[in-house]
A.B. asks: 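Below is a structure I'd like to ask you about.
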Amino acid sequence: MKNLFAKFIKEEDGATVVEYVIMIAIVAAIVLFAFPSLRKGITTWITNAFSDIGGGMEKTHNDFICPDGSTVKDLASCK
C-alpha cells in the first residue's frame, strides 16, 4: 500500500487533480465511517451551512443603484 501511494504521488501522467480528489474522497469516506460521532457533527455542520445559505438568498433584495447614486427597483428607471 505504501509503495502504491508513493507511485501515485510520483506519477505525473493523466489528470492529477482528479486523482487527488478521488483519493481525498476515499480517505474522507473512511474517516466518516470509522468515527460515527464525527460523521454526525459534519452532517449537522453541512446541513446548517446550506440552510444558512438558503435563508440568506430569501432575504436578498433587488434594488439597483443608478450612476447618479439613486436606488431603483429596475435599471430601466435610471435617468
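In this chain, numbering begins with 1 at the start of the sequence shown. Model, not experiment: these values are computed from the prediction.
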A.B. asks: What pairs with I26 under side chain to side chain contact (heavy atoms under 4.5 Å, CB included), at least two apart in sequence or on another chain?
C.D. replies: I22, I30

A.B. asks: With D74, which residues qualify under side chain to side chain donor-acceptor pair (under 3.5 Å), at least two apart?
C.D. replies: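 Expected list: S77.
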
A.B. asks: Within a reach of under 6.0 Å around CZ of F35, are more than 12 heavy atoms found that belong to other residues, nucleotides or ligands?
C.D. replies: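 For F35, atom CZ is not crowded (no more than 12 foreign heavy atoms under 6.0 Å).
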
A.B. asks: For T43, which residues count as a side chain to side chain donor-acceptor pair (under 3.5 Å) partner, sequence neighbours excluded?
C.D. replies: none

A.B. asks: For I24, what residues pass the side chain to side chain contact (heavy atoms under 4.5 Å, CB included) criterion, not counting sequence neighbours?
C.D. replies: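 For I24 there are no side chain to side chain contact (heavy atoms under 4.5 Å, CB included) partners, ignoring immediate neighbours.
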
A.B. asks: Kindly write out the residues that satisfy side chain to side chain donor-acceptor pair (under 3.5 Å) with D68, not counting sequence neighbours, or none if the list is empty.
C.D. replies: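 Checked D68 against side chain to side chain donor-acceptor pair (under 3.5 Å); matches are S70.
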
A.B. asks: Please assess L38 against V31 for the test side-chain contact (heavy atoms from CB on, under 4.5 Å), listing each intermediate value before the final yes or no.
C.D. replies: CA-CA 8 Å; L38 181 63; V31 168; 3.5 Å; yes

